[in-house]
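Please read the structure below before turning to the comments.
What you see is a predicted model, and the numbers here were worked out from it, not measured in a lab. FYI, the numbering just counts along the sequence from 1.
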Amino acid sequence: MKYNFDEIIDRNGTVCEKYDHTEAIFGTRDILPLWIADTDFRTPSFIINALKERLEHPIFGYSFRCNYYYEAVRSWLFRRNGWNVSLDWLDFTPGVVCGLSYGIKSFTEEGDKIVIQPPVYPPFARTIKANKRVVVNNPLKIIDGRYEIDFEDLDQKLEGAKLFILCNPHNPTGRVFTKEELLRIGNLCLKHGVYIVSDEIHSDLILKPNRHIHIASLSEEIANITLTYVAPSKTFNIAGFSTAVAIIPNPELHEMYRNCANQIHVDQGNIFGAVALRAAYNNGDEWLDCCMEYIRTNIEYVLDFLRTNTPKIKCIPPEATFLLWLDFSELGMTHADLQQFLIQKAKLGLNSGTDFGEEGECHMRINVGSPRSVIEQAMHQLKTAYDTL
C-alpha cells in the first residue's frame, strides 16, 4: 500500500485527549485507549506540507475564508457523493457539536421538543438539555440483525416537535441510511413542520459497497428545512483544527444561523484550520480510499476474531466509520461490572454504551482506526480477560 497505516506513532505527552486524558476518564493510565473518535494514523503529507508552507510566512493575523476555501468544500462534496451545492449555501462552525447548538438556538425555543435516534452520539442529548429543550427519543431497533428506523414511532414523535437531529452515518451503530429511508425521514419532517439538523461528519468514511446520500440532496423541499454539517476532521485526523462546514440551502434559515453565529461570535475560525481543510479536500481522494481499505480490513479482523474467540461478544457489521458497537449482554454482567471488567481485566479503554442512551446498556464502542498491531493487541487482551469468565 502506498501509505503506511501500520506506522506506530507515540502520541503520549502531546496533550492528546485519547492518550493523555486516560487517567481522568478511566481512573488509570494502564489501559489501551480505543475510545475517542480520532485515529492513530499520520495526518497525510499533503496537509502537513500545506501547513508548513503557511508557517513560512511570519505573520498570523486575522484571516477570512475566501471563495477558494469554499470551492474546495463544494468540489469535494460533488466528487465524493455527487452533491452539487452552491457556494452561498456554505458557512463555518468550529465543530459539529458547536453547530448543533447553533441549529438548536436558531430554529427552536426553550421548552421545544427535539427528536433524536438513540443509541446515538452523546452530545446530541447533552446539547439539547443544556439549551433547555426537551429530548424526545425515537430509538433504532434491531430487525434481522440490522439497526432500523421505527418509522411508525418516528411519525408519532415528530408530532409537536420542532427539530429532528439526524446522524448519518449513524454513530455508534455504523448504519448508512438508504435513499428510501432518508426520503421517509424528510417527508415525515415536512408533514409535521419539523426542521432537520443532519450530522454527516462521518460521511466520507463509507465502507463499500455502501454509498452516502446527503438528505438535503433529495429534494428542494427537504433541502429547505435542512441544516447539514460535514467536516474533514474525522476523515483526515485533523479534529484539533476545529474547522467544520455548515450547509444551508434555504436563505432564510441561513440568515437565522448567521444571526446566531454573530451573537456568539465564534465564527472567526483559524488560519491553520482553513489551510488544512483546503489541502485535505483538494488532494485527499487517493489517501482516503487507501485509508478506508485499511480500516475495512481492521473491521473484518475484529469481527472474525470475535466470532472465533469470544462468541458471546456480538457486533453487527458497520456500513461506515472506524467505530464498532460491541454487545456484551450475553456475558450476563451489569453495565457497571462490564466497565470494570474491561478496564481492570482486559486493560481496554472503550466508550461506555450508556453514554449513548439507555439502549446502550451492556454495549461498548471501540475505535479500530489504529495500526493493525494495536488492534491485534486489543483483541488478545480482550480474549485473555474473556477466558477468565
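The two residues Pro371 and Glu7 have their closest heavy-atom pair at CG-O, 3.2 Å. The two atoms that bring Pro119 and Thr173 nearest to each other are CG-CG2, 4.2 Å, heavy atoms only. A pairwise comparison of heavy atoms in Ala216 and Trp83 identifies CB-CZ2, 3.6 Å as the closest pair. Across Val135 and Ala125, no two heavy atoms sit closer than the pair CG2-O, 3.9 Å. The heavy-atom pair separating Leu207 from Thr321 by the smallest distance is CD1-O, 4.2 Å.
Results of the side-chain contact (heavy atoms from CB on, under 4.5 Å) test with Ile114 over Thr127, Val136, Val194, Ile128 single out Ile128 as the only residue that passes. The only option from Trp76, Tyr69, Phe46 that meets the ring pair (Phe, Tyr, Trp, His ring centres under 6.0 Å) definition with Tyr281 turns out to be Trp76.
The main-chain N or O of Thr310 is never found under 3.5 Å from a side-chain atom of Lys383 such that the two would form a donor-acceptor pair. A donor-acceptor distance shorter than 3.5 angstrom exists from the side chain of Asn270 to the backbone of Phe241, with no hydrogens or angles considered. Remark: side-chain polar atoms of Asp112 are not paired, donor with acceptor, to backbone N or O of Arg133 under 3.5 angstrom. A donor-acceptor distance shorter than 3.5 angstrom exists from the side chain of Gln268 to the backbone of Ser63, with no hydrogens or angles considered. Counting only distance, with no hydrogens or angles, the side chain of Asn237 and the backbone of Phe41 share a donor-acceptor pair below 3.5 Å. A donor-acceptor contact shorter than 3.5 Å links the side chain of Gln381 to the backbone of Lys347. A distance-only check finds no donor-acceptor pair linking the side chain of Asp204 to the backbone of Thr235 [under 3.5 Å]. Panel note: side chain His363, backbone Glu361; a donor-acceptor pair is recorded below 3.5 Å. Of the possible donor and acceptor atoms, one in the side chain of Asp20 sits under 3.5 Å from a partner among the backbone N and O of Gly13. Under the 3.5 Å distance criterion, the side-chain polar atoms of Tyr229 are matched with a main-chain donor or acceptor of Gly99.
Both tests pass for Arg184 against the ring of Phe151: distance under 6.0 Å to the centre and angle within 45° of the axis. Cation-pi contact between Arg65 and Phe92: present, with separation from the ring centre below 6.0 Å and deviation from the ring axis of at most 45°.
Donor-acceptor pairing under 3.5 Å is lacking for the side chains of Arg42 and Asn4. Between the side chains of Asn282 and Tyr68, no donor N or O sits under 3.5 Å from an acceptor N or O. One side chain, Asp155 or His192, offers a donor N or O that lies under 3.5 Å from an acceptor on the other. Judged by distance alone, the side chains of Thr228 and Thr226 never bring a donor and an acceptor atom under 3.5 Å apart. A donor atom on one side chain and an acceptor atom on the other are not found under 3.5 Å apart for Tyr70 and Asp88. Side-chain polar atoms of Asn138 and Gln117 form a donor-acceptor pair below 3.5 angstrom. Defined by atom type and a distance below 3.5 Å, a donor-acceptor pair is present between the side-chain atoms of Ser329 and Asp327. In summary, the side chains of His214 and Ser203 do not present any donor paired with an acceptor at a separation below 3.5 Å, with no hydrogens or angles considered.
Taking 4.5 Å as the limit, every side-chain heavy atom of Met364 sits out of range of all side-chain heavy atoms of Trp35. A heavy-atom distance below 4.5 Å is found between the side chains of Asn171 and Phe356. In this structure, the side chains of Ile225 and Glu221 stay at 4.5 Å or more apart for every pair of heavy atoms. Side-chain contact check for Val374 versus Ile8: some heavy-atom pair is nearer than 4.5 Å. Under the 4.5 Å side-chain criterion, counting only non-hydrogen atoms from C-beta, Ser45 is not in contact with Tyr3. In this structure, Leu77 and Ile247 have side chains that are in contact, with non-hydrogen atoms separated by less than 4.5 Å. A heavy-atom distance below 4.5 Å is not found between the side chains of Val197 and Tyr102. The closest side-chain heavy-atom distance from Pro318 to Leu323 is not below 4.5 Å.
Taken to the nearest 0.5 Å, the CG atom of Asp30 stands 9.5 Å off from the OG1 atom of Thr22. Rounding to the nearest 0.5 Å gives a distance of 6.0 Å between NZ of Lys18 and CZ of Arg11. Interatomic distance, Ile149 CD1 to Ile143 CD1, rounded to the nearest 0.5 Å: 10.5 Å. For the atom pair SG of Cys16 and CG of Asp10, the computed distance is 9.5 Å after rounding to the nearest 0.5 Å. The structure places CD1 of Ile248 at 9.0 Å from CG of Leu90, a figure rounded to the nearest 0.5 Å. In this structure, CG in Asn131 is found 5.0 Å from CD1 in Ile104, a value given to the nearest 0.5 Å.
Under a 4.5 Å side-chain heavy-atom criterion applied to ILVMFWY residues, the cluster that includes Val134 comprises that residue alone.
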Run the numbers on Glu293 and Arg296 for salt bridge (charged side-chain N to carboxylate O under 4.0 Å, His left out), then give the verdict.
-> CA-CA 5 Å; Glu293 175 60 20; Arg296 182 190 63 78; 2.3 Å; yes

Assess whether side-chain hydrogen bond (donor to acceptor under 3.5 Å, both in side chains) is satisfied between Asp40 and Tyr19, documenting all intermediate values.
-> CA-CA 10 Å; Asp40 289 325; Tyr19 288 86; 2.8 Å; yes

Begin with the C-alpha distance, continue with both residues' side-chain angles, and end with the deciding distance and a verdict on side chain to side chain contact (heavy atoms under 4.5 Å, CB included) for Leu277 and Val245.
-> CA-CA 10 Å; Leu277 178 145; Val245 180; 3.9 Å; yes

Verdict with supporting geometry, Tyr294 and Asp6, side chain to side chain contact (heavy atoms under 4.5 Å, CB included) | CA-CA 9 Å; Tyr294 191 90; Asp6 289 321; 2.4 Å; yes

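With sequence neighbours excluded, the residues satisfying side-chain contact (heavy atoms from CB on, under 4.5 Å) with His57 are Arg54, Ile59. Evaluation of the side chain to side chain donor-acceptor pair (under 3.5 Å) rule for Tyr147 yields Trp325 as partners, not counting sequence neighbours. Partners of Gln340 under the side-chain contact (heavy atoms from CB on, under 4.5 Å) rule, at least two apart in sequence or in another chain, are Ile343, Gln344. Residues satisfying the side-chain contact (heavy atoms from CB on, under 4.5 Å) test with Glu319, not counting sequence neighbours, are Arg146, Arg175, Val176, Asn210. Applying the side-chain contact (heavy atoms from CB on, under 4.5 Å) criterion to Glu152, with sequence neighbours excluded, gives Asp150, Gln156.
Aromatic ring centroids of His335 and Phe328 lie 6.0 Å or more apart.
A salt bridge between Glu71 and Arg74 is present, with a side-chain N of the basic residue lying under 4.0 Å from a carboxylate O of the acidic one. By the 4.0 Å N-to-carboxylate-O rule, Asp289 lies close enough to Arg80 to be salt-bridged with it. Salt-bridge annotation for Glu56 and Lys52: absent, with no side-chain N of the basic residue lying under 4.0 Å from a carboxylate O of the acidic one.
Ring geometry, Phe305 versus Tyr301: the interplanar angle falls from 30° to 60°, so the pair is classed tilted.
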